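A short worksheet on the structure shown next.
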Amino acid sequence: MIERLNFYDLYGYLIPGAVLIGVIWLPFAVAFGWYPPADFGGAVLALIGAYVAGHILQAIATNVVPSTVDGQYPSVRMLDDDDETFTPAFKKLLADRITAKFGVDVKTQREARDVAFLQCRAALIASKAAAYVEQFQGMYVLMRGIAASAAIGCAFTLGWLWSPFLDRCLASIAAMTVVTSAALLAVIWRHRIPKKGDERYVYIALILAGVAAGGSLAAMHGYRAQSPLSAAAILELLSALWAFGAYRAFGQKFAATVYRDFMSL
């Protein structure tokens, strides 16, 4: 599996998965000094675990972390007359080229712009001129994964901060409640067709589950000190906000690069 890792696997799955494992492990390292084994076997297991965790994380983040701004994808918005990403002359030439190539009028049919964008990207891939575009795609997927990992880590770390208010019995009950709720949510989500906007409930459930799980684990292990983890939670929150902003920026650059490179074919 490792031998077949490509650019997207590294940026989309391996690094975000490693960040997710790191932020989940952080409270244990700070509170109890538990560190992973530093040997070859441990490194291989960590790589495999990070790769699997990255796949799970991106499956969730794709639906939870929004790719749109005000309900619109950047590739749609930047073709509007009032958008300043491209000059009016360039947008006219681009629209004419798309119409000539794919028979789609993106000037008057906004609903067709998503399909036109995918066709432009497919044309770049077919011409083997998509290397630069794929770098931006990898970067915005990386930033989305880091934003999601840091947000989950922040929720999990915050959970450790309210452990002094729980005894071990209540912690066990809270842990069982979290596991049961997560299982029910997974079953319900698996056997129904999600509606637009349902992702916010999954996000809220994940945050609450992270807080509850962190508090339960800390209480069961008798953790009481809070200052180091308070600083860690703040850093994770700031990291999540920074990564989300970078994700939005790279998403914009990705869409713009697809259009620019398509015009140069």
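This structure is a prediction, so every number in the text was calculated from the model and none was measured. Values reported hereafter were calculated over all heavy atoms of this structure, with side chains retained and with hydrogens, waters and symmetry mates removed.
Ring geometry for Phe156 versus Phe28: interplanar angle of 30 to 60°, hence tilted. Classified by interplanar angle (parallel below 30°, tilted 30° to 60°, perpendicular above 60°), the ring pair Tyr51/Tyr13 is perpendicular.
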Dump the intermediate steps for side-chain contact (heavy atoms from CB on, under 4.5 Å) on Gln252 and Met78, then the final yes or no. CA-CA 9 Å; Gln252 180 83 9; Met78 64 180 53; 3.5 Å; yes

What's the verdict on salt bridge (charged side-chain N to carboxylate O under 4.0 Å, His left out) for Lys101 and Asp96, showing C-alpha distance, side-chain angles and the deciding distance? CA-CA 9 Å; Lys101 180 73 174 179; Asp96 292 341; over 6 Å; no

Residues Ile98, Tyr259; criterion side-chain contact (heavy atoms from CB on, under 4.5 Å); working and verdict: CA-CA 10 Å; Ile98 291 175; Tyr259 285 138; 4.3 Å; yes

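Separating the CZ atom in Arg121 from the CG atom in Leu124 is a distance of 9.0 Å, to the nearest 0.5 Å. With values rounded to the nearest 0.5 angstrom, Asp261 atom CG is found 9.0 Å from Ser127 atom OG. For the atom pair CG (Leu79) and CZ (Arg113), the distance works out to 5.0 Å, reported to the nearest 0.5 Å. To the nearest 0.5 Å, atoms CD (Gln135) and OH (Tyr140) are separated by 14.5 Å. Here CZ of Arg97 is found 9.0 Å from CZ of Phe90. Values are rounded to the nearest 0.5 Å. Summarising the geometry, atom CH2 belonging to Trp242 is positioned 6.0 Å from atom CD1 belonging to Ile146; distances are rounded to the nearest 0.5 Å.
Across all non-hydrogen atoms, the minimal contact from Gly145 to Leu57 is O-CD2, 3.4 Å. Between Ala240 and Ala151, the shortest heavy-atom contact is CB-N, 3.8 Å. Scanning both residues, Gly12 and Val141, for their nearest heavy atoms gives CA-CG1, 3.5 Å.
In this structure, Ile152 and Val23 have side chains that are not in contact, with every pair of non-hydrogen atoms separated by 4.5 Å or more. Taking 4.5 Å as the limit, every side-chain heavy atom of Thr99 sits out of range of all side-chain heavy atoms of Val104. Side-chain contact between Ser75 and Val258 is absent, with no heavy-atom pair separated by less than 4.5 Å. Between Tyr73 and Phe117, the closest side-chain pair of non-hydrogen atoms is not below 4.5 Å.
Judged purely by atom type and a 3.5 angstrom limit, Arg77 has no side-chain atom pairing as donor or acceptor with the backbone of Gln72. A donor-acceptor pair under 3.5 Å links the side-chain atoms of Asp83 to the main chain of Thr85, judged by distance alone. In this structure a side-chain-to-backbone donor-acceptor pair under 3.5 Å is missing from Ser239 to Ala150. Remark: the backbone N or O of Cys154 is not paired with any side-chain donor or acceptor of Thr157 at under 3.5 angstrom. Checked by atom type and distance alone, the side chain of Lys107 never pairs as donor or acceptor with a backbone atom of Lys92 at under 3.5 Å. Remark: the backbone N or O of Ala59 is not paired with any side-chain donor or acceptor of Thr62 at under 3.5 angstrom.
Remark: Lys253 NZ is loosely packed, at most 12 non-hydrogen atoms of other residues, nucleotides or ligands lying under 6.0 Å away. Residue Phe86 places its CZ atom among more than 12 non-hydrogen atoms of other residues, nucleotides or ligands, all under 6.0 Å distant. Around the CD atom of Glu84, the shell of radius 6.0 Å holds no more than 12 heavy atoms that belong to other residues, nucleotides or ligands.
Both Tyr247 and Leu14 sit in one connected hydrophobic cluster of ILVMFWY residues. Membership requires side-chain heavy atoms under 4.5 Å apart, directly or through other members. With hydrophobic clusters built from ILVMFWY side chains whose heavy atoms lie under 4.5 angstrom apart, Val106 shares a cluster with Leu94. Cluster membership for Trp160 and Leu238, using ILVMFWY side-chain heavy atoms within less than 4.5 angstrom, is not shared. Cluster annotation: Ile24 and Val30 are assigned to the same hydrophobic cluster (Ile/Leu/Val/Met/Phe/Trp/Tyr, side-chain heavy-atom contacts under 4.5 Å, transitive). Linking ILVMFWY residues whenever their side-chain heavy atoms come closer than 4.5 Å, directly or via other members, places Met143 and Leu10 in the same cluster.
Note: Phe262 and Phe102 meet the aromatic proximity criterion, with ring centroids under 6.0 Å apart.
Side-chain contact annotation: Asp105 with Thr108, donor-acceptor N/O pair under 3.5 Å present.
Look at Asp81 and Lys91 and you find no salt bridge, because none of the NZ, NE, NH1 or NH2 atoms lies under 4.0 Å from a carboxylate O.
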